[in-house]
Structures are given as structure tokens and as C-alpha cells.
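Reviewing the structure listed below.
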Number of protein chains: 2
Amino acid sequence: MSSSHTEDPIELEQPCPIRDVLDRIGDQWSLLILEALALRTLRFNELHREIGDVSRQVLSRTLKRLENDGYISRTVYAEVPPRVEYALTGLGRSFLEPMQKLIQWAEDNHEAICRSRKQRQALREQVQ
Amino acid sequence: MSSSHTEDPIELEQPCPIRDVLDRIGDQWSLLILEALALRTLRFNELHREIGDVSRQVLSRTLKRLENDGYISRTVYAEVPPRVEYALTGLGRSFLEPMQKLIQWAEDNHEAICRSRKQRQALREQVQ
DNA sequence: CGGAATCCAACGTGATACTG
DNA sequence: CAGTATCACGTTGGATTCCG
């Protein structure tokens, strides 16, 4: 095989900015990572413990994407054992501002959404 | 067959509200639909034309999910030919408020993100 | 310690065809 | 007009294994 498929053919231009943003941080872990880093700079395994369920593999991929998009920075210290620190960039920090509003909304309205789902499900079961 | 697999085993309780919200509106079309309905009530095929690329199949599924979660309402008029109107609910409207902030952020910072990606890609190509 | 390579399963998306 | 059923496909997440 001539082409390794480790290099993703990254789409550099996206017509829709919000689509572009949601595609990246709308995944399972990105937001959790950003919030963890909002409190303080963390090393790889610290993040791993902090987040909990994520595999190292996925954590690594997600971090690379976030770094690529400029949300976080990655600093390698030439030590033994190696030390790598992840931190929010200015972009990452500024992103969390509007995002916090949305998070707040989600918390405030989560119950209403759950209620709506239960109602709908009850209706569906009646029909059957 | 005893069990039709049209009924999705919907997760009624989600531990993380924001995860729960993003999972629903973070897909390809939900947000576009909500924004279209923010301007005015629309019928199924009007929405279909408005959104553009989406297939009727996917549009239908997405609408059902949004209705399930209480973001939109679906009104059927007993006419011939049938008429079905979709509109934002109060929940849907209130959701768009914090969401608009995020959309604004995405538009403001989209260029910075694209720049960051290009830089990273240039670095990657140097390494190779 | 901090990853990368590989493989696989699950899910979302979409095309097509059919229905009330 | 407003959908649903079925199937195929690509992308993502995750487990496992190996490396500097």
C-alpha cells in the first residue's frame, strides 16, 4: 500500500462555519476536554483520569484535532520520563464563553426535554 | 416478526444534559431546520426546499426527533391534499437564543480556525 | 509516559422504492 | 402531499497491541 491512512484528508474550507465548529466539538469528548482544561493545564494521563471513560487512543485523536483547530496548545518537555502538557489557547477560552451559555441552557431545560420524550413515547406505545 | 425495529430504544435518561442536547442538534440538519423555522412556520416540502440537500427520508427522521424532544410542533390539517405544518415551540425558540451566540462565535472565528488548520497541515507536510 | 497502528462494531446518512 | 421501509455506505468510537 502506497498511502498510509493515518493522514486524514482534512477539509480546509468549510462553507458553513457553525457546521464546521459543531463537527469538531460536537463529538463525544471534545467539550469535556475543553472544560477540564478550562480549570487548569493538564498532562496526557491527567486528562485521561479526569475524563474517565475515554480510551487513550481516542483521547489522543481528539486532542490532536483540538490542537489542529487551535483550541488547545500542546507543549512537550524534553525530560525523562517525557512530559506533555495541554492548555487552552485564547481561541479555546473565547469559545467556552458562548458555549457556557448553551451548557447552562441545556442544564436548565434538560428536564423539559426528558419530559417531552416520555410523553411522546407514551403516545407511541398507545398507538401500537 | 414479533418486534418491528422501527421503534428506536430511546434513551430517556441521559446523565449529561449538554451531551444529550448536542447529540440531538449536533447532527447534520437539526440546526438548519430550527433556523429555518425561526423565520416562519413551514410545511414539509417547504422545509425540504428550504434546506436543500437533505433527503426527504432524513428530513422526516430529523423532524421526528426534534418533535420528540419538544423543539418543534407538528400540526396535521385534515385536508385533501394533506397539510402538515412545523413550527418552533417555546423550548425551540429559547434554545436558539444561546445557540445564536455560538453561531456568532463560529462566524467570527471561522477564519482563525481555518488558518490554524493550514498551519498545522503545512507543518505535517514538512515532517514527511 | 505519551502516544501510533490496526482492526472492528455501531451509528448516522443517503438512495431507492413504496404508501395513505 | 407527506411521509415510511429497506438496504448500502462512510465515519466515529473503542479495544488491542506496539513503539520511542
Side-chain angles (χ1 to χ4, degrees), chain A residues 1 3-11 14 19-20 22-33 41-68 72-86 124 127-128, chain B residues 1 3-11 19 22-33 41-68 72-86 124 127-128:
Chain A
M1 271 144 255
S3 76
S4 96
H5 69 79
T6 57
E7 39 176 320
D8 8 22
I10 291 173
E11 207 68 24
Q14 273 265 2
R19 173 86 275 119
D20 199 19
L22 281 184
D23 279 351
R24 302 293 172 136
I25 60 86
D27 66 3
Q28 199 89 46
W29 306 109
S30 290
L31 194 53
L32 281 175
I33 292 172
T41 292
L42 289 168
R43 297 176 61 175
F44 185 83
N45 276 337
E46 287 177 330
L47 258 172
H48 190 218
R49 277 188 296 275
E50 199 81 13
I51 306 292
D53 282 338
V54 69
S55 73
R56 294 222 308 270
Q57 151 73 294
V58 171
L59 179 58
S60 171
R61 274 199 304 234
T62 307
L63 286 170
K64 204 188 294 183
R65 277 210 310 251
L66 290 175
E67 189 200 0
N68 258 300
I72 65 176
S73 66
R74 175 176 180 275
T75 311
V76 184
Y77 295 89
E79 301 175 358
V80 178
R83 180 161 61 101
V84 179
E85 290 196 338
Y86 293 92
R124 243 174 288 128
V127 173
Q128 282 169 7
Chain B
M1 269 148 255
S3 76
S4 94
H5 69 78
T6 57
E7 41 175 320
D8 9 19
I10 291 174
E11 208 68 23
R19 172 86 274 120
L22 281 185
D23 280 351
R24 302 294 171 135
I25 60 85
D27 66 4
Q28 200 89 47
W29 305 110
S30 291
L31 193 54
L32 282 174
I33 292 173
T41 293
L42 289 168
R43 298 175 61 174
F44 185 83
N45 277 338
E46 286 177 329
L47 258 173
H48 190 218
R49 277 188 296 275
E50 199 81 15
I51 306 290
D53 282 338
V54 68
S55 73
R56 295 223 305 270
Q57 151 73 294
V58 171
L59 179 58
S60 172
R61 273 198 304 236
T62 308
L63 285 169
K64 205 188 291 181
R65 277 210 310 251
L66 290 174
E67 188 200 0
N68 256 301
I72 64 176
S73 66
R74 177 177 179 275
T75 312
V76 184
Y77 295 90
E79 301 175 357
V80 179
R83 181 160 60 102
V84 180
E85 290 195 339
Y86 293 91
R124 244 174 287 126
V127 172
Q128 282 171 8

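Values reported hereafter were calculated over all heavy atoms of this structure, with side chains retained and with hydrogens, waters and symmetry mates removed. We name chains A, B, ... by the order of the sequence lines, and we start the count at 1 in each one.
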#### Entry: Residues forming a side-chain hydrogen bond (donor to acceptor under 3.5 Å, both in side chains) with B/S73, sequence neighbours excluded
none
### Task
Compare all side-chain heavy atoms of B/L63 with those of B/R61 and state whether any distance is below 4.5 angstrom.
no
### Task
Look at the side-chain N and O atoms of B/R65 and state whether any lies under 4.0 Å from the OP1 or OP2 oxygen of C/dG12.
no
### Query
Tell me: CG of A/L31 to P of D/dT12, nearest whole Å?
18 Å
### Task
Would you kindly give the CZ-to-C1' distance between B/R19 and C/dC11, to the nearest whole Å?
14 Å
### Task
Would you indicate which nucleotide in C/dC1, D/dC1, D/dT4 comes nearest to any side-chain atom of A/N45?
C/dC1
Quick one: side chains of residues 42-54 of chain B, donor-acceptor pairs under 3.5 Å with protein atoms, not counting sequence neighbours, listed by atom name and distance.
residue, atom, partner, partner atom, Å
B/R43, NH2, B/P82, O, 3.4
B/E46, OE1, B/R43, N, 2.7
B/H48, NE2, B/V54, O, 2.9

### Message
Rounded to the nearest 0.5 Å, what separates atom CG in A/L22 from atom CG in B/L22?
### Response
7.0 Å
### Message
If I take atom CG in residue B/L47 and atom P in nucleotide D/dA2, what distance separates them, rounded to the nearest angstrom?
### Response
10 Å
### Query
So how far off straight is the helix from C/dC1-D/dG20 to C/dG20-D/dC1, going by the axes through five pairs at either end, to 10°?
50°
### Summary
To the nearest angstrom, the CZ-C1' distance between A/R74 and C/dA4 comes to 12 Å
### Query
Partners of A/T62 by side-chain hydrogen bond (donor to acceptor under 3.5 Å, both in side chains), sequence neighbours excluded?
none
### Task
Could you list the residues that satisfy salt bridge (Lys or Arg N to Asp or Glu O under 4.0 Å) with B/R83, not counting sequence neighbours?
B/E79, B/E85
### Message
If I take atom CG in residue A/L66 and atom P in nucleotide C/dG3, what distance separates them, rounded to the nearest angstrom?
### Response
13 Å
### Query
Is there side-chain contact between A/W29 and A/V58, with at least one heavy-atom pair below 4.5 Å?
yes
### Query
Whole-Å distance between C/dC1 P and A/E46 CD?
11 Å
#### Entry: Residue-phosphate contact under 4.0 Å: B/K64 side-chain N/O, D/dG3 OP1/OP2
no
#### Entry: Value rounded to 0.5 Å, distance of CG in B/D23 from CZ in B/R65
9.5 Å
### Rounded distance [0.5 Å steps], CD1 in B/I33 versus CD1 in B/I25
12.0 Å
### Query
CG of B/D23 versus P of D/dT11: gap in Å, rounded?
20 Å
### Phosphate OP1/OP2 of D/dC1 contacted by B/Y86 side-chain N/O (<4.0 Å)
no
Please enumerate all protein N or O atoms sitting under 3.5 Å from an N or O of nucleotides 14-20 of chain C, with distances to 0.1 Å.
residue, atom, partner, partner atom, Å
C/dG14, OP2, B/W29, NE1, 2.8
C/dG14, N7, B/R61, NH2, 3.4
C/dA15, N6, B/Q57, NE2, 3.1

### Task
To the nearest Å, give me how far apart CG (B/L42) and P (D/dG3) are.
13 Å
